[in-house]
Amino acid sequence: MESLAPLLSQAAQLMLMGMVLVFCFLGSLVVALKLLARAYAPEPVAPQVPVDSESVDPAVVAAISAAISAAIHAHRRAQ
């Protein structure tokens with residue numbers, strides 16, 4: 001009957017070699033994908049923000065402020 005030690009040693013070597021090969025393959029795949037993404041990625045376009053030349057009407061600001069104050073007052077009164 002054969003000894004079990006040489007078989008376990010060979011199995012460990014095969015396992016280690018397989019893990020190293022898979023790690024190298026996946027690492028090279030990640031590097032290749034990053035290089036391809038950098039080479040073929042579209043140029044980023046800056047979003048165009050419309051320029052509003054008109055300012056907010058002071059009457060609108062006053063109306064919003066009054067509505068917020070009324071809502072806070074009603075909420076506190078309800079508690």
Side-chain angles (χ1 to χ4, degrees):
M1 183 165 148
E2 283 187 30
S3 175
L4 194 57
L7 291 175
L8 288 176
S9 174
Q10 187 180 9
Q13 288 175 350
L14 286 172
M15 180 185 69
L16 183 63
M17 186 172 56
M19 290 175 68
V20 167
L21 286 174
V22 167
F23 181 78
C24 289
F25 174 74
L26 291 176
S28 64
L29 186 64
V30 167
V31 169
L33 286 176
K34 285 191 180 272
L35 290 174
L36 285 173
R38 187 177 297 165
Y40 293 109
E43 293 294 323
V45 178
Q48 296 180 356
V49 179
V51 178
D52 189 16
S53 62
E54 299 177 12
S55 63
V56 179
D57 188 17
V60 174
V61 174
I64 292 172
S65 177
I68 291 174
S69 296
I72 291 173
H73 182 67
H75 176 72
R76 287 183 179 164
R77 192 176 25 176
Q79 288 181 347

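The main-chain N or O of Ser65 is found under 3.5 Å from a side-chain atom of Ser69 such that the two form a donor-acceptor pair. A donor-acceptor contact shorter than 3.5 Å links the side chain of Ser28 to the backbone of Cys24.
Hydrophobic clustering of Ile, Leu, Val, Met, Phe, Trp and Tyr side chains at less than 4.5 Å, counting indirect connections, unites Ile64 with Ile72. By the criterion of side-chain heavy atoms lying less than 4.5 angstrom apart, applied directly or through intervening Ile, Leu, Val, Met, Phe, Trp or Tyr residues, Leu14 is grouped together with Leu21 in one hydrophobic cluster.
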For a side chain to side chain contact (heavy atoms under 4.5 Å, CB included) check, start with the C-alpha distance between Met19 and Met15, then their side-chain angles and the critical distance, and finish with the verdict.
CA-CA 6 Å; Met19 290 175 68; Met15 180 185 69; 4.0 Å; yes

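The distance from the CG atom of Leu33 to the CG atom of Leu29 is 4.5 Å, given to the nearest 0.5 Å.
With a 4.5 Å cut-off on side-chain heavy atoms, Met17 and Gln13 do not count as touching.
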